[in-house]
Amino acid sequence: GERLEFKLIPTPGSKKKEVPGYVAIRIRRATGHDIVFMNEHVHKKKKTSLAESATQQLATAQLGGGGALRSYFRRQTRHIKDGDRDIKQYKVRPGPDPKREEETTWLSKEQIEAECQRESDHWLDVGNGRLGRLHVEILGCDELPNLDSGGRNKTDTFVALVYEDCVVKTDVVDDCLNPRWLPWSKRAAIFHIHHSSSQLFLGVFDFDQSVAPGDDHDLIGRVAVDLTNLRKDTMYVMVYDLYTTARISDRKKLGSITIRLRLEVEDDRAVLLSNLEPPPSFYVNVKTRKDHRVVQFTCSGKYDTSKYDIKFINSYIEEILSVQHASFYLSDAFMRLMLWRGTMPVRMLGTTYHFPIHSLAAFVSLTVVVERPELFPAWSFALFGWTMVATMDYRLHLPTPWLHCKHFLEHAFTLFYGSTPIAPYSIESHENAKEAIAFEEGWRKRITESEEAAAKEYEENLKAQEEYQREMDEIGDVSDISALNKNDGGISVDPFKSVLYPVQQNLQMVCKYLRRIRYVLIWEESYISFWVTAGCFLVSIIFLFVPWFFLIQWTARILVWALFGPWMKLVDIFYVSKLDDYTEEELMQQRLESRKKRRLATATALAEARIKREDAMKLKAMKAYYFGKYITRVPVLKEDRYVDTPCLESHALPFKPDPLPLSELAMQEAGYHRTRIPGQHLVGSMIPQIETVSFTEAPVGQALRRPNLVDKDIAGPESTTAAYAKIGSLVVCASVISWFAVPFFSSLTQHLLVALQEQTE
């Protein structure tokens, strides 16, 4: 809408000649959505039908969570005889398959594992992004702690999934420390990707049936799944260790979670280009405090680092001191560089040699820069870009494939040709396990030694400060006798909070930016790392053509001749010396004029900032109106201290969907066996509405999005061959009927007309 401002005027009869301030309004013609919204708002209907569907992510009833009393009296296992074998079966939770109730009420452990690997029967289609789709299935958890009273009453587990501005929850599996979610349960979601650097957050909770305001679902552990280095058209089955936090060092493994996911991306170039813009801000609103805590714990972990705690300060200091871990990377790289150790594999005559490409590049570039110093600016940017490439190469040579990142040349190929040149490939379970374990142990040993040395140095410095403080206390201020033997009044839980809390906030900000820089430098943020590297190389090429000596020389000449010449005396006579002759009133007038000019110069920026602030306040209020008053920010870029890496038992396989008959594929793309839930992204200015995405995947004017998956070979009532056969038979039948039936009906009609004519005569 158009924004208008009006100057306030005095009311009739007022003695005031002028009233300070303005009133701002926005005006536009009402749309159909505006009329519906206002009618429902007037009738006190809190949510529109679309908003109600958008909040089903957490409002949908969860199966399970029977309570402690029910757990004691419910039979959970039984034994049956199969010949000479005694088979132990488990009661399927939260319930059996509705289509096979008798068969799936009781299953053995092997049967449960086999059923768990089947594709999910029903999916939640969530979000509004257009870059691609993320398919996620929660398969199970293992070795969870028992957070309930014990005995038969065990942890009632469910998983919360948070991605961008969407959140969903699985069903609750009662009284089980190794729960499995079966295909007919609520366990699968399809998230629409809005930004390629977004993370998938998983939180494992113990369900709490209490409705008391202070009772929350207990957090067992959480995981942040990095998607930037995963490949499309690959089925990943990944196992992650669960921790309650990833931001401070107070961590302990509390079981594991197994998930299955894959990425669907239509345009690889669009995914890469999306990282040229700053990532958007995502927020999730929910209705209840309990759901708010679920989302908050899933995204940030158990500890709220925005609150004061001396434990957080110690963790931040420890993290800053551990920056020296980067010296390990640098020392390894420096030794490889200086000693001409090969890093680039080259195969010649059936033998693989490792060529020292980095040492050769360093030697050639340094010899050139020594002879031509004007190339130093270009060389500096090229050096940083080459360092990024070397870091990428280091990661690609790590033993575990789950630490590998995408190659710089792969991103460059995608940028120029629009698609990735790397085909999906397999990752075996426990691939390079021995080498990976040895590398991990060696790395942890180096980190432990480094942290112990840093802690020892920190303790020595702390002792020295305490000793110095005791000396100062003994000296004291003996001139003020009123301070001797005087106790401070008042009681304070933590007298240092007013001093240490600002320190904690500053340390938190420093650690936050250090983490972001570190993740870009080590290619955890693969797309951003590519653009930084490509930008360095581009600037380096541009600087090659800049005449640096010429610019420096003439800039120095201009400065010297302009600022140190004899004409500066004229500046003193006609300008500087007169500054002291101004009266106080003239100086005040100059200040007022200067302030007025500054306000005029910044008026546009202030107006834009005011409009942005108004839009942000309106958006926050409307999201609270639509989805709930409890709001949580969902991070896009990585902000955690520790990165969650898949365990060695994880594996991956290329995903190739099976060909389907035309009708079945069309039903699948039209949302069959899916529940569509829009995200919480609002569009519009005055009365924002929920952004919607077409439920059908097929583009406008086309029957299918993926016509290549249509099965054209198999014969059957729904195959393409059968459809063509039916069409052909209809054409043949129509031709035969036209050839024989038309002349027959024509002659019959002619005879009838003649007979009628004779009767009339």
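Across all non-hydrogen atoms, the minimal contact from F201 to R222 is CD2-NH2, 3.4 Å. The nearest pair of heavy atoms linking E119 to R187 is C-NH2, 4.0 Å.
Using modelled atom types, no side-chain atom of D644 and backbone atom of V223 make a donor-acceptor pair closer than 3.5 Å. Panel note: side chain H681, backbone D165; no donor-acceptor pair is recorded below 3.5 Å.
Residues R93 and D175 are not paired through a salt bridge, judged by the lack of any N-O separation under 4.0 Å between the basic side chain and the carboxylate. A salt bridge links R633 with E639; the closest basic N to acidic carboxylate O contact falls under 4.0 Å.
Evaluation of the ring pair (Phe, Tyr, Trp, His ring centres under 6.0 Å) rule for Y283 yields no partner, not counting sequence neighbours. Applying the ring pair (Phe, Tyr, Trp, His ring centres under 6.0 Å) criterion to W106, with sequence neighbours excluded, gives no partner residue. Residues forming a side-chain hydrogen bond (donor to acceptor under 3.5 Å, both in side chains) with H407 (at least two apart in sequence, or on another chain): none.
Separation of the F408 and F530 ring centroids falls under the 6.0 Å cut-off. Between F158 and H217, the ring center distance clears the sub-6.0 Å criterion.
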* Asked: Could you go step by step and tell me if H194 and F282 meet the ring-ring contact (aromatic ring centres under 6.0 Å, His included) rule?
  -> CA-CA 10 Å; H194 189 88; F282 292 112; 5.6 Å; yes
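Each of E319, E524, E525 was compared with R515 under the salt bridge (charged side-chain N to carboxylate O under 4.0 Å, His left out) criterion, and only E319 meets it. The residue from K91, R180, E115, Q89 that alone fulfils the side chain to side chain contact (heavy atoms under 4.5 Å, CB included) condition with L107 is E115.
Looking at heavy atoms from C-beta onward, E164 lies out of side-chain contact with C166 at the 4.5 angstrom threshold.
A cation-pi contact, defined as under 6.0 Å to the ring centre and within 45° of the axis, is absent between R231 and Y425.
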